[in-house]
Amino acid sequence: MSSFKETQMAFVEHIRDPLNNRYESDIEDRRLQIYRELFFNNILGFLSSGFPVLEEIYGEQKWQELARKFFAKHDNRSPYFVDISKEFVEYLSNEHEMVDSDPEFVQELAHYEWLELAVSIRKSEQKADVHDFSHIDGSVLPKQIVFSDLATLASYHYPVHQISRTFQPDKPAEPTYLVVYRNSEDEVNFTLLNAVSAHLLTLIQSAEQASVDELVAKMIEALPQLPQEQIKSGTLDTIRQFLQQQILLVPAD
């Protein structure tokens with residue numbers, strides 16, 4: 001007689017992949033079907049809510065096929081429903097075997113859609129303040145700034161923020177730099193960056209606290225081909241914009 005653990009594992013394998021794992025028991029298939037649909041539809045529901053653009057691109061049948069592969073093959077490390085989207089991104093990046101129907105940008109688009117969700121639920125105990133810089137020009141700024149814990153800088157080979165059912169690039173383009181962030185009103189937004197502003201944010205992110213004066217000096221050093229006053233003015237204006245958007249914050253006293 002099989003042990004309880006063996007029976008349990010056989011049941012789990014059947015629920016995850018019924019076509020390849022028969023479940024030998026006295027339970028009628030009608031009852032097993034209830035469990036098969038319940039578990040899979042739960043996973044499908046979380047994926048559909050977390051990756052609406054991907055679902056639209058794949059279409060109902062192929063999306064369910066992809067979800068089925070994930071459910072059958074990926075061993076989730078987290079027991080929490082909120083982490084299913086993250087596990088799906090990891091599956092696509094590390095385990096999924098691409099087929100002709102998979103768009104080349106699937107991993108990057110999935111990461112971008114997951115990032116919006118991750119930022120929306122992220123918790124922060126960062127000791128920093130939000131200020132209104134809407135009426136302050138770029139020359140009047142705090143001396144120290146920090147990168148918000150509720151913001152993430154990302155780069156992609158595809159313009160993931162533009163991809164839709166009607167726009168699907170078939171090859172990589174110039175790098176796309178995006179920062180996804182949540183403000184004090186719990187609104188999640190993104191900002192498209194150029195390489196220069198992305199470099200500036202990288203410098204700020206790498207420091208516990210960043211000195212505005214030192215940032216200006218580093219940007220001048222990084223762009224020797226441009227006039228120093230132009231770099232200084234552009235850097236300060238960009239910092240002001242990021243403070244206004246709450247991508248950057250002012251360290252608490």
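Just so we're clear, the structure is a prediction, and the values are computed from it rather than from any experiment.
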| Could you state the interatomic distance from CE (M219) to CD (Q230), rounded to the nearest 0.5 Å? | 11.5 Å

| query | What do the steps show when you test M98 against V106 for side chain to side chain contact (heavy atoms under 4.5 Å, CB included), and what is the final call? | reply | CA-CA 9 Å; M98 297 282 285; V106 58; 3.7 Å; yes

| field | Within 45° cone of F39 ring axis and under 6.0 Å: R16 NZ or CZ | value | no

| request: Using a 4.5 Å cut-off on heavy atoms from C-beta on, say whether the side chain of T191 contacts that of S197. | output: no

| field | Heavy-atom closest pair, residues V179 and I247 | value | CG1-CD1, 3.6 Å

| request: Check for a donor-acceptor pair, side chain of Q246 on one end and backbone N or O of L243 on the other, with a separation under 3.5 Å. | output: no

| query | More than 12 non-hydrogen atoms from neighbouring residues, nucleotides or ligands closer than 6.0 Å to CD on E65, yes or no? | reply | yes

| message | Side-chain heavy atoms nearer than 4.5 Å, only ILVMFWY residues, links allowed to pass through others: does that put V146 and L150 together? | response | no

| message | Quick check: do I239 and L200 have side-chain heavy atoms less than 4.5 Å from each other? | response | yes

| message | Looking only at the side chains, is there a donor atom on one of E90 and N94 sitting less than 3.5 Å from an acceptor on the other? | response | no

| query | If you take all heavy atoms of V53 and E113, which pair is closest and at what distance? | reply | N-OE1, 3.1 Å

| field | Donor-acceptor pair, side chain of D102 and main chain of V99, under 3.5 angstrom | value | yes

| request: Could you check K143 against D213 for side chain to side chain contact (heavy atoms under 4.5 Å, CB included), going step by step and ending with a plain yes or no? | output: CA-CA 7 Å; K143 293 184 178 181; D213 289 341; 5.8 Å; no

| query | Do V196 and T238 touch side chain to side chain, with heavy atoms closer than 4.5 Å? | reply | no

| So with a 6.0 Å cut-off around CD of E104, is the heavy-atom count from everything else above 12? | no

| query | Honestly curious: do L117 and V188 fall in one hydrophobic cluster under the side-chain, below-4.5 Å linking rule? | reply | no

| query | Any side-chain heavy-atom pair from L54 and L47 closer than 4.5 angstrom? | reply | no

| request: Please check if the side chain of E108 supplies one atom and the backbone of H157 the other of a donor-acceptor pair under 3.5 Å. | output: yes

| query | For atom CD of Q225, is the number of surrounding heavy atoms from other residues, nucleotides or ligands below 6.0 Å larger than 12? | reply | yes

| From T152 OG1 over to R122 CZ, what is the distance, rounded to the nearest 0.5 angstrom? | 3.5 Å

| message | For R182 and S124, which I'm curious about, is there any donor-acceptor pair between the side chains at under 3.5 Å? | response | no

| field | Nearest atoms (heavy-atom pairs only) where F167 meets P159 | value | CE2-CG, 3.9 Å

| said: Y181 vs N189, test: side chain to side chain contact (heavy atoms under 4.5 Å, CB included). Steps then yes/no. | reply: CA-CA 6 Å; Y181 62 96; N189 299 288; 3.5 Å; yes

| message | Once you measure the plane-to-plane angle for Y112 and F190, does it fall in the parallel (<30°), tilted (30-60°) or perpendicular (>60°) bin? | response | perpendicular

| request: Could you tell me whether the side chain of F71 reaches within less than 4.5 Å of the side chain of L44, counting heavy atoms only? | output: no

| Passing candidate, ring-ring contact (aromatic ring centres under 6.0 Å, His included) with F46, options F88, W114, F81, F40 | F81

| task | Compare all side-chain heavy atoms of F51 with those of V89 and state whether any distance is below 4.5 angstrom. | result | yes

| remark: Minimal heavy-atom distance between S48 and E55, with the atoms involved, is OG-OE2, 3.2 Å

| What's the shortest heavy-atom distance between F147 and L153, and which atoms? | CZ-N, 4.2 Å

| Does NE2 in H74 sit with more than 12 non-hydrogen atoms of other residues, nucleotides or ligands closer than 6.0 Å? | yes

| Is there a donor-acceptor pair closer than 3.5 Å between any side-chain N or O of S49 and the backbone N or O of G45? | yes

| request: Answer yes or no: is there a donor N or O on one side and an acceptor on the other, between the side chain of E56 and the main chain of S164, under 3.5 Å? | output: no

| said: Nearest 0.5 Å, please: how far is CG in L38 from CD1 in I43? | reply: 10.5 Å

| query | Which distance, rounded to the nearest 0.5 Å, do you find between the CG of L141 and the CG of L236? | reply | 5.5 Å

| said: Please find the pair of heavy atoms, one from L193 and one from A198, that lie closest to each other, and give the distance. | reply: CD1-CA, 4.0 Å

| task | Group every Ile, Leu, Val, Met, Phe, Trp and Tyr by side-chain heavy-atom contacts under 4.5 Å, then state whether L249 and L203 land in the same group. | result | no

| task | Indicate yes or no: at least one non-hydrogen side-chain atom of F105 is less than 4.5 angstrom from one of V160. | result | no

| remark: Interatomic distance, NZ@K73 vs CZ@R68, rounded to 0.5 Å, equals 12.5 Å

| remark: In this structure, CD of E87 is separated from CD of E95 (nearest 0.5 Å) by 9.0 Å

| Given the rule that I, L, V, M, F, W and Y join up when any side-chain heavy atoms are under 4.5 Å apart, are I145 and V130 in one cluster? | no

| message | When you group the ILVMFWY residues by side-chain heavy-atom contacts below 4.5 Å and let the links chain together, are V216 and L226 in the same group? | response | yes

| query | Does Q126 reach the main-chain N or O of D149 with its side chain, forming a donor-acceptor pair under 3.5 Å? | reply | yes

| said: Could you tell me if the side chain of S148 sits less than 4.5 Å from the side chain of F242, heavy atoms only? | reply: no

| task | Mind running side chain to side chain contact (heavy atoms under 4.5 Å, CB included) on H96 and L66 for me, showing each step along the way? | result | CA-CA 9 Å; H96 177 60; L66 180 60; 3.6 Å; yes

